[in-house]
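Notes follow the structure.
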Amino acid sequence: MKQRTILRDGSISGTALHSAAQVTLTLKPAPENTGIVFRRKDIFGKPEVRPHIKMVSDLVRSTGVTSGHTQLHTIEHVMSALVGMGIDNCYIEMDAAEPPILDGSSKLFVNLIQECEPVEQQAERVYFELKEPVSVSDGNRSIIALPYDGFKITCTSADDRGIHTQHLSMDIDPESYQLGVAPARTFTIYEDIEELLKLGKIQGGSLDSAIVIKGDKIISKEPLRYQDEFVRHKILDIVGDMALLCVPLKAHIVAVRPGHALNAKLTMKIFEQMERLKNAPAAEKKVVVKKHKLFTESTLDTRRILELLPHRYPFVLIDRVVDSGEAELTAIKNVTINEPFFQGHFPGNPVMPGVLQLEAMAQAAGILMLRHVDGEDKLAFFMSADKVKFRRAVKPGDQLEITVKITKSRGDKIACASGECRVDGKVVSSADLMFTVMNAAESP
């Protein structure tokens with residue numbers, strides 16, 4: 001994929017959130033391999049700063065960086081907009097230390113980027129692909145980065161009272177960012193406002209630029225833009241804070257009650273892994289790559305299932321994995337009248353064969369076992385079944401919910417699992433399964 005910049009200049013003005021300064025921000029095209037660079041027009045010499053995780057100096061309700069005597073504050077929203085929209089190279093000129101808060105989201109920055117017209121450049125975009133899981137935590141807050149071929153964020157947001165708990169998982173690309181992330185506004189707890197004002201924060205804040213949560217009530221000048229707007233803004237902040245790596249990231253970020261400080265800690269750990277791999281001998285790099293898990297995602301779509309299973313039509317009996325942990329997995333199979341087996345089982349009274357329900361459980365268990373396996377070209381083989389029970393008929397129009405749990409394992413080669421198929425919450429079949437994992441080249 002090619003690097004991108006913008007075709008023309010574009011400006012926007014407004015009030016800064018914390019300093020209340022009136023500021024004009026201008027986006028300008030930048031050459032290949034420039035990165036995102038801020039220029040302080042209000043300081044003699046117009047010093048330039050390319051924000052980096054090593055420069056972080058302020059993480060109280062915002063992300064700020066310091067380079068020499070030059071400071072930048074609350075840069076996460078504009079950084080998030082640029083990275084979310086796939087802009088690699090851009091100059092950001094400001095006549096103050098802090099961008100305008102605007103409506104508290106990244107939507108107006110995204111609109112500005114589109115007006116400036118993103119364009120491809122000649123140089124290839126260089127990604128950092130996470131090799132090993134990285135995690136940080138602080139009490140009941142945590143954030144983890146997992147190897148992933150893309151950029152995905154799974155986030156749970158909640159306050160200390162457990163009110164307004166929200167959860168969302170999404171792959172981040174320009175389209176999903178523009179539609180599902182950029183418009184989400186910042187928010188604060190009503191009881192925190194007085195303390196923040198005493199700290200010299202949110203001097204320019206108002207209901208024009210933030211949502212206020214007071215108990216179970218939401219105070220806002222307009223209706224919520226999404227039912228889960230709070231967790232979407234948390235994702236917006238994660239995108240902006242991780243932009244301080246200064247390189248596009250391939251990873252799956254799993255966050256529980258994240259904030260700028262925790263985001264920065266994780267970004268620093270990822271940067272340390274990046275530096276370590278950059279300086280490692282070639283042989284060591286190969287060892288690290290070899291340790292990749294076949295998959296680490298909590299959900300899998302049909303494309304990923306086909307990458308993990310050798311089965312193909314008409315014998316793929318899992319449509320989607322909706323939840324996967326280390327020892328348990330839930331998948332679904334939508335049973336439609338178009339299934340080929342209904343032609344003969346039975347004409348006039350179509351019923352899904354029990355043996356295919358058993359096979360669906362086996363495929364789900366095989367995928368779960370692959371979560372524990374290192375390397376590539378591995379296949380899971382169904383070996384035996386015990387205590388098989390069929391309780392109800394499964395008919396066209398049913399959605400089969402398949403749950404499997406690992407009960408025993410012998411290294412990463414052989415495992416036993418219990419499996420259940422449910423329709424509308426009722427068990428229709430169950431079994432105890434045994435399966436093994438082999439290299440594709442060793443398979444019978």
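Values below: every heavy atom of this structure, side chains too, minus hydrogens, waters and symmetry copies.
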Donor-acceptor pair between Glu93 and Thr26 side chains, under 3.5 angstrom: no
Electrostatic pair Lys221-Asp208, nearest N-O below 4.0 angstrom: yes
Glu175, CD: over 12 other non-hydrogen atoms inside 6.0 angstrom: no
Qualifying residue, where the test is side-chain contact (heavy atoms from CB on, under 4.5 Å) with Ile113 and the options are Pro118, Ser106, Pro174: Pro118
Passing candidate, salt bridge (Lys or Arg N to Asp or Glu O under 4.0 Å) with Glu48, options Lys41, Arg39, Arg40: Arg39
Enclosure of Lys54 NZ (heavy-atom neighbours >12, cutoff 6.0 Å): no
Criterion ring pair (Phe, Tyr, Trp, His ring centres under 6.0 Å) on His52 and Phe271, from CA distance to verdict: CA-CA 10 Å; His52 191 278; Phe271 173 70; 4.7 Å; yes
Pair Ser137-Ser142, side chain to side chain donor-acceptor pair (under 3.5 Å): steps then yes or no: CA-CA 4 Å; Ser137 62; Ser142 66; over 6 Å; no
Check against salt bridge (Lys or Arg N to Asp or Glu O under 4.0 Å), Arg276 and Glu132: CA-CA 12 Å; Arg276 187 172 67 251; Glu132 298 173 335; 3.7 Å; yes
Salt bridge (Lys or Arg N to Asp or Glu O under 4.0 Å) between Glu297 and Lys152, intermediate numbers included: CA-CA 9 Å; Glu297 307 98 306; Lys152 181 176 182 177; over 6 Å; no
Glu222 CD: over 12 foreign heavy atoms closer than 6.0 Å: yes
Lys NZ or Arg CZ of Lys28 over Tyr91 ring: under 6.0 Å, within 45°: no
Gln178-Gln114 side chain donor-acceptor pair, cut-off 3.5 Å: yes
Whether His233 and His77 hold their rings parallel, tilted or perpendicular, with breakpoints at 30° and 60°: perpendicular
Gln227, CD: over 12 other non-hydrogen atoms inside 6.0 angstrom: no
Whether over 12 other heavy atoms sit under 6.0 Å from Glu124 CD: yes
Test item: His73 side-chain N/O and Gly64 main-chain N/O as donor-acceptor pair under 3.5 Å: no
Pairs where residues 262-271 contributes a residue and the test side chain to side chain donor-acceptor pair (under 3.5 Å) is met, not counting sequence neighbours: Asp241-Asn263
Residue pair Arg371 / Ser324, side-chain heavy-atom distance below 4.5 Å: yes
Donor-acceptor contact present, side-chain Asn89 to main-chain Gly35, <3.5 Å: yes
Ser220/Arg185 under side chain to side chain donor-acceptor pair (under 3.5 Å): CA gap, chis, key distance, verdict: CA-CA 10 Å; Ser220 174; Arg185 295 163 293 167; 3.0 Å; yes
Stepwise side chain to side chain donor-acceptor pair (under 3.5 Å) test for Gln22 and Thr15: CA-CA 5 Å; Gln22 295 301 305; Thr15 303; 2.8 Å; yes
Option from Val316, Leu300, Ile318 for which side-chain contact (heavy atoms from CB on, under 4.5 Å) with Leu306 holds: Val316
Side chain to side chain, Met242 and Ile253, heavy atoms closer than 4.5 Å: yes
Carboxylate-amine/guanidinium proximity below 4.0 Å for Arg232 and Glu229: no
Of Thr156, Thr299, Thr154, the residue whose pairing with Ser169 passes side chain to side chain donor-acceptor pair (under 3.5 Å): Thr154
Salt bridge (Lys or Arg N to Asp or Glu O under 4.0 Å) contacts touching residues 95-111 (sequence neighbours left out): Asp103-Arg225
Salt bridge Glu339-Lys333, side-chain N to carboxylate O under 4.0 Å: yes
